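Structure, as structure tokens:
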Number of protein chains: 2
Amino acid sequence: MRRGLEFKKKARVILVDDNYEHLSGIKELIEIESDFDVVATATSASVAISLIKKYRPEIVLMDINMPEKDGLTAIAEIEKLDLGVRTIALTGYDDPDLIFRAMKIGAKGYILKTMASAQLIYAIDEVASGKIYLPATLSSRFFEYFQKSFKEETQAVSDEENLLNYLTQREEEVLDLLTQGVTYKGVAQKLFISETTVKTHVNNIFQKLQVNDRTQAVLYALNNGFLNRRKVKIAI
Amino acid sequence: MRRGLEFKKKARVILVDDNYEHLSGIKELIEIESDFDVVATATSASVAISLIKKYRPEIVLMDINMPEKDGLTAIAEIEKLDLGVRTIALTGYDDPDLIFRAMKIGAKGYILKTMASAQLIYAIDEVASGKIYLPATLSSRFFEYFQKSFKEETQAVSDEENLLNYLTQREEEVLDLLTQGVTYKGVAQKLFISETTVKTHVNNIFQKLQVNDRTQAVLYALNNGFLNRRKVKIAI
DNA sequence: TGCTATCTAGACCAGATGGTCTATAAATAA
DNA sequence: TTATTTATAGACCATCTGGTCTAGATAGCA
């Protein structure tokens, strides 16, 4: 009874694991070691989702590695339901990609089955109180992955290689409009220049970016940071 | 002397903080409470960078809030140098946006000035040994921010609103090629169909996506998750 | 069985796009 | 001053793109 006397309602929990033995093990653990209320258990993701709709628990402990519908997809679905249910991913693997994807889709915690039972209870406690919980080791792994994918995306081309840097001011303005799907005629009107001038600029842009048409130019611009002062992509 | 007797080389540290009192305070703390070697200190980011080039320390403790060049920019520059220096951001603010940006550009840790000195030493220890360290509270804040920005991007449009979901299999294939900058002729060749058929598909795509030309179609596709099974954008 | 959706493809045409060449004015750098 | 860069714009032409209409083949559904 870690939390002892208190006024807050006991958090209700649903457990999901395709392994029945493991399921009852965790159930027992939680009931003995904490004052959380295990309102239901499920051995498949689809059953779990209907139980969640029925019981509206605060917390769902979801095994990631399950046949049929996997846990990650299930978590995504639960998040989409937007019932305020907070999901903790539970798995045997500390694969950073798994961790990243789980956190991405909205898991509020991620713990390993090999971790001590106290850590599991602590995690539920933290998540139930509105926090997001990742053990330090997993957090570290997550960030390595996070930074790595970021680096690959952003440092893929240096300033000298980024052909966008060779565009003139006016060419940038034209390209900016092209990336918004504006036609030549539209560009001409917006910039108060003739359509032929637009074409001249566009041809220069093509040459500088080494592309053959507007679509490729737009794609080049989007992929090479033309708007990336505001938005950044992360490889998944 | 937390680490006591050991064979590993003492990690060398450079401290950066525009406040000189604070700087010497931390220096003293590190020298008394740990066996790290403070090889240099700096009160500005630009001085820090030259010191880093000179001393090649393992660790840099960088204050984020400084006049002139701010700490985040400095960290980004240090990362770009690619000297294997591991930087820890040190600041008074637990603003999730700051944390996110720091981790994004490659900071290996982020700690608050208000945190206990033991935590600072622990953070250096962890980072020096190759890990990434974020205290649980900051990590939690980071993830909230991370998930929020993610949700905004991906759930901006529901499935029913996402016109991409109304495309047929074949139309998706065509659009996929268009988003790679392929011409109609190219699409025809790749899909082994006539150019007229491509045009028919493209026209249907335009109608379904309610756009007027290929560029707009490509933009719609990119902005509405056409590739988001692989790549995901995060608002910064 | 008939209805519907999907994929295929042709015809015809207007207009948009892209390629190339030339040329002028203004600003800037050598 | 001269050369270069940038922004402007016209001419000419081939090709690509997009709009509309028709239509056959196939598959699935009611």
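Values reported hereafter were calculated over all heavy atoms of this structure, with side chains retained and with hydrogens, waters and symmetry mates removed. In this text the structure is predicted, and so the values were computed from the model without any measurement. Here is the naming used below: chain letters follow the sequence lines, and residue numbers restart at 1 for every chain.
- Rounded to an integer number of Å, the gap from CD of B:Glu195 to P of C:dA11 is 13 Å.
- Residue A:Thr197 places no side-chain N or O under 4.0 Å from the OP1 or OP2 atom of D:dT8.
- One interatomic measurement links the two molecules: CD1 of B:Ile193 to P of C:dT6, which rounds to 16 Å at whole-angstrom precision.
- The pair B:Lys208-B:Glu171 counts as a salt bridge, with a side-chain nitrogen and a carboxylate oxygen less than 4.0 angstrom apart.
- Taken to the nearest 0.5 Å, the CG atom of A:Leu134 stands 10.5 Å off from the CD1 atom of A:Ile88.
- Using a 4.0 Å heavy-atom distance criterion, B:Thr168 is classed as a sugar-phosphate-only contact.
- At a threshold of 4.0 Å, the pair A:Arg86-A:Glu79 does not count as salt-bridged, since none of the basic side-chain nitrogens sits closer than that to a carboxylate oxygen.
- Nucleotide D:dT15 holds its P atom 18 Å from the CZ atom of B:Arg214, rounded to whole Å.
- Look at CD on A:Glu172: it is 10 Å from P on D:dA7, rounded to the nearest Å.
- Between B:Leu191 and B:Asp213, the residue anchored closer to the 5' end of DNA chain C is B:Leu191, taking for each the nucleotide with the nearest heavy atom.
- Closest to the side chain of A:His201, out of D:dT8, C:dT8, D:dC16, is D:dT8.
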Distances under 3.5 Å between protein N/O atoms and the N/O atoms of nucleotides 19-29 of chain C, please, pair by pair.
| unit_1 | atom_1 | unit_2 | atom_2 | d |
| --- | --- | --- | --- | --- |
| C:dG19 | OP2 | A:Asn203 | OD1 | 3.0 |
| C:dG19 | O6 | A:Lys199 | NZ | 3.3 |

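- One finds a salt bridge joining B:Glu173 and B:Arg170 here, because a Lys/Arg side-chain nitrogen approaches an Asp/Glu carboxylate oxygen to under 4.0 Å.
- Put simply, CD on A:Glu171 is 10 Å from P on D:dT8, counting in whole angstrom units.
- Residues B:Asp94 and B:Lys113 are not paired through a salt bridge, judged by the lack of any N-O separation under 4.0 Å between the basic side chain and the carboxylate.
- Within 4.0 Å of A:Thr196, counting heavy atoms only, lies at least one base atom of the nucleic acid.
- With distances taken from any side-chain atom of A:Arg170 to the nucleotides C:dT8, D:dA7, D:dA9, the minimum falls on D:dA7.
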Go through A:Phe142 and B:Phe143 one step at a time and tell me if the ring pair (Phe, Tyr, Trp, His ring centres under 6.0 Å) criterion holds. CA-CA 11 Å; A:Phe142 169 91; B:Phe143 282 113; 4.8 Å; yes
May I have the step-by-step check of ring pair (Phe, Tyr, Trp, His ring centres under 6.0 Å) for A:Phe146 and B:Phe100, ending in yes or no? CA-CA 11 Å; A:Phe146 173 75; B:Phe100 188 87; 5.7 Å; yes
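- Residue-level contact check: B:Ser194 touches the backbone only, with heavy atoms under 4.0 Å from sugar-phosphate atoms and none from bases.
- Rounded to whole Å, atom C1' of D:dA9 lies 18 Å from atom CZ of A:Phe192.
- Atoms CD (B:Gln169) and C1' (D:dA27) sit 15 Å apart, rounded to a whole Å.
- B:Ile205 places its CD1 atom 12 Å from the P atom of D:dG19, with the value rounded to the nearest Å.
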